[in-house]
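Here is the naming used below: chain letters follow the sequence lines, and residue numbers restart at 1 for every chain.
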Protein chains: 2
Amino acid sequence: MARVRISDVAAAAGVSVTTVSLVLNDVESRISQETRDRVRAAAAAVGYAPSALARGLRQQRTKTVGLISDQIATTPFAGRMLAGAQDVARANEHLVFLVDTGSDAAVEDAAIRALTAQQVDALIYAAMWHRIVPADVKLPADTVLLDCRPADGVTGFPSVVPDDRAGGAAATRELVEAGHTRIAYIDTDEDPGRPIAADLRLEGYREVLAASGIVVDDELHVHGETSHRGGRGAAERLLDLPSERRPTAIFCFNDRMATGAYTAIHARGLRIPEDISIIGYDDQQFIAAEQDPPLTTVALPHYEMGRWAMEVALGIREGGEDAVHQMECPVVRRDSVGPPPAHVAKPNRRRTSQHTERSLSATPDR
Amino acid sequence: MARVRISDVAAAAGVSVTTVSLVLNDVESRISQETRDRVRAAAAAVGYAPSALARGLRQQRTKTVGLISDQIATTPFAGRMLAGAQDVARANEHLVFLVDTGSDAAVEDAAIRALTAQQVDALIYAAMWHRIVPADVKLPADTVLLDCRPADGVTGFPSVVPDDRAGGAAATRELVEAGHTRIAYIDTDEDPGRPIAADLRLEGYREVLAASGIVVDDELHVHGETSHRGGRGAAERLLDLPSERRPTAIFCFNDRMATGAYTAIHARGLRIPEDISIIGYDDQQFIAAEQDPPLTTVALPHYEMGRWAMEVALGIREGGEDAVHQMECPVVRRDSVGPPPAHVAKPNRRRTSQHTERSLSATPDR
DNA sequence: ATGAAAGCGCTAACAC
DNA sequence: GTGTTAGCGCTTTCAT
């Protein structure tokens, strides 16, 4: 594929290869302008394209980075992380090797070896769901972790993950500020392998409830399989509650489950958000915005995370050897959150103090 | 990154580098078993990992392939194509460079240059929607085209695309065989840049209608923006038709538009499929299967297309220099297609011939 | 202001 | 059965 060599250019221009190299790489200005022009012209004339291989071998820097991910095919999020990483790679003239391992440890191992053999300048290890990297994955030093964090005790890897606790809090706050006090959480029931995001979001939910003087009612914390169906089933159980205990708002672990809640709610002839408010998580493409009504949700900052990881990998940004970088998950406001129906009382609010007032004085945002 | 060299292994094993190379690459068996073992042990002991760079430079084969795509982030289909391509690359010990160009010609150009500089063994040019590659894209010879086809007159590029005409026909046939005769097509209205798939699917639709002796009624061919909203609007117009002219089944350009049709239908208190049948296209992940009822649709064979392209790129499979390889789009049966309501007459069927009988005798499939 | 030559790490032709 | 060596295409030190 790469036929014409630097020596061909040198011959054509009547100079040495050194000169050609110097000119083409804009190194030192000691070469006369006239020579420079001649070299450039010659290079263009013979159609010269340098061999990145030879250069890499010589310099021991390849301007390539390896990106290992567990699943690219099966998740709708992969793309945005890749796009972020790609964009900074391109801006810095790096090429990226993408390897999808399907979470297979043997494949992962082979991939790391192959990438090392390619002498990639940096390695990014990406997960498609916020999770912990098993301690037995043999990562080269200075690998950066994307959407995953090192196992306890493993150190030396910069990593970036979404701030799911803050996201859960933001979602809940959105509902509290709209005036709700009976706020349910539809959680995933995945058991071996419960996503770390699930606990974090739950934590955020409880925190805000507590801080708002709302008693955390376990009856309003339900579980379902992480899907439309699971969300629907869980929502049905919530709707089956006697009306004084029924929630006026539901925070769903993710958008897919939220669509299930939509189905359950509509099946009973209830309206969103007039009768019940819904907030999701993920801001999943083609899903959240296309519900009826469009779903208010919390966005995962995948693009930004991808950028961050690549910037750290390329040394453009300081990763901080050990701290896990948490990235904000912003609320995306659409039309599924409104004030609670007028007729509902607000019973399970504690009679306490300023908390209550603060949260009551907050205004809904449209 | 790659520190220890083959000469280190040679020294450790007390042999020459030739021997080491021969042993480690399983070349010739003239080396004594004893030496082989010694070399292997030495390699492991010093932690040797060959430099793919040096090998590539020497052999002028890198075992890498470049995959250029227009958009990876913004489409839910990218993943499956990548997965297919990846899987065969891995099985053949090749690594893939992924470059996303965002359809920017300058970026595309730079990407091709960069990949050529890397001396990739093959190049795949992938589009995320079935389309034609502009003739001015400067592709190296032997590039394989994935989900796109060469412009007229451009030759020498193997290419693979979904058989959208056959897919449109299959969708329509599914409806005809369920007993429908008033079958609408909700088409995309994209105008500059109308997807080539749209025309192909429409063709298939008309073909099957004609072959079944059903008159093609232009009133039943409506358009909308390619989204939930567009599908909803188009479906509403269809439902506004006086009842004798209203369709009993709708074929939608894609699943997203189909979900809009769902919304329109449900909003009128109609049921799917009892009152009206729906078939989509794409089998879009997290969408088609999660509708209520689950959407019958036509699947795009992205994974297989990805495999095909990589197989051709690696020379494992004959691409056929010029013929565009069309890949079948199978119908995925779920629950949105049923027989037409009993009370509807079947008026716009021609009184002709065997066609009619053939299509009437066909049985719905559940 | 320019050129000669070493060397990045490997494979393979050739010699012994 | 094993070793020597040229050379893949480039960058870079050192001379001139």
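Here dT2(C) is the nucleotide among dT2(C), dG9(C), dC10(D) with the atom lying nearest to any side-chain atom of I31(A).
Here T35(B) pairs with S32(B) under the side-chain hydrogen bond (donor to acceptor under 3.5 Å, both in side chains) rule; sequence neighbours left out. Here D87(A) pairs with R90(A), Y303(A) under the side-chain hydrogen bond (donor to acceptor under 3.5 Å, both in side chains) rule; sequence neighbours left out. By the side-chain hydrogen bond (donor to acceptor under 3.5 Å, both in side chains) test, E304(A) is found to be paired with no residue, residues two or more places apart in sequence or in another chain being considered.
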Measure all distances between protein nitrogen or oxygen atoms and nitrogen or oxygen atoms of nucleotides 12-16 of chain C, and list the pairs falling under 3.5 Å.
{"unit_1": "dA12(C)", "atom_1": "N6", "unit_2": "T18(B)", "atom_2": "OG1", "d": "3.1"}

Item checked: Worked check of salt bridge (Lys or Arg N to Asp or Glu O under 4.0 Å) between D37(B) and R40(B) -> CA-CA 5 Å; D37(B) 293 345; R40(B) 289 234 152 76; 5.4 Å; no

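The CD1 atom of I6(A) sits 8 Å away from the C1' atom of dT11(D) (whole-angstrom rounding). With rounding to whole Å, R61(B) atom CZ is found 23 Å from dG7(D) atom P. Distance Q118(B) CD to dC8(D) P: 20 Å, rounded to the nearest Å. Spacing between atom CG of D121(A) and atom C1' of dC8(C) amounts to 15 Å, rounded to whole angstrom units. Rounded to whole Å, atom P of dT12(D) lies 14 Å from atom CG of L24(A). Taking atom CG of residue N25(A) and atom P of nucleotide dT13(D), one finds them 13 Å apart after rounding to whole Å. Between D8(A) atom CG and dC10(D) atom C1' there is a gap of 13 Å when expressed in whole angstrom units. Between the CZ atom of R55(A) and the P atom of dG9(C) there is a distance of 18 Å, given to the nearest Å.
One end of the helix from dA1(C)-dT16(D) to dC16(C)-dG1(D) points its axis 50° away from the other end's axis, with each axis taken from 5 pairs and the angle rounded to 10°.
What you find for S7(B) and V17(B) is that their closest heavy atoms are CA-CG1, 3.7 Å.
For T35(A), a side-chain nitrogen or oxygen approaches OP1 or OP2 of dT2(C) to under 4.0 Å. Listed pair S51(B) / dG9(C) fails the phosphate criterion, with no side-chain N or O lying under 4.0 Å from OP1 or OP2. Using a 4.0 Å cut-off, some side-chain N or O of Q60(B) falls inside it from OP1 or OP2 of dG9(D). Contact between the side-chain N/O atoms of S32(A) and the OP1/OP2 oxygens of dA1(C) is not found at any separation under 4.0 Å.
In this structure, OG in S21(A) is found 9.5 Å from CZ in R58(A), a value given to the nearest 0.5 Å.
In this model, a donor atom of one side chain and an acceptor atom of the other lie less than 3.5 Å apart for Q119(B) and S51(A).
With contacts defined as side-chain heavy-atom distances shorter than 4.5 Å, the pair Q71(A)/S103(A) qualifies.
Residue pairs meeting the salt bridge (charged side-chain N to carboxylate O under 4.0 Å, His left out) criterion with at least one member in residues 122-137 of chain B, sequence neighbours excluded, are D70(B)-R131(B).
Of the two residues near DNA chain D, A54(B) and R38(B), the one whose nearest nucleotide lies more 5' is R38(B). Between L57(B) and V15(B), the one whose closest nucleotide on DNA chain D sits nearer the 5' end is V15(B).
Of the residues T64(A), L115(A), L98(A), the one that meets the side chain to side chain contact (heavy atoms under 4.5 Å, CB included) test with L95(B) is L115(A).
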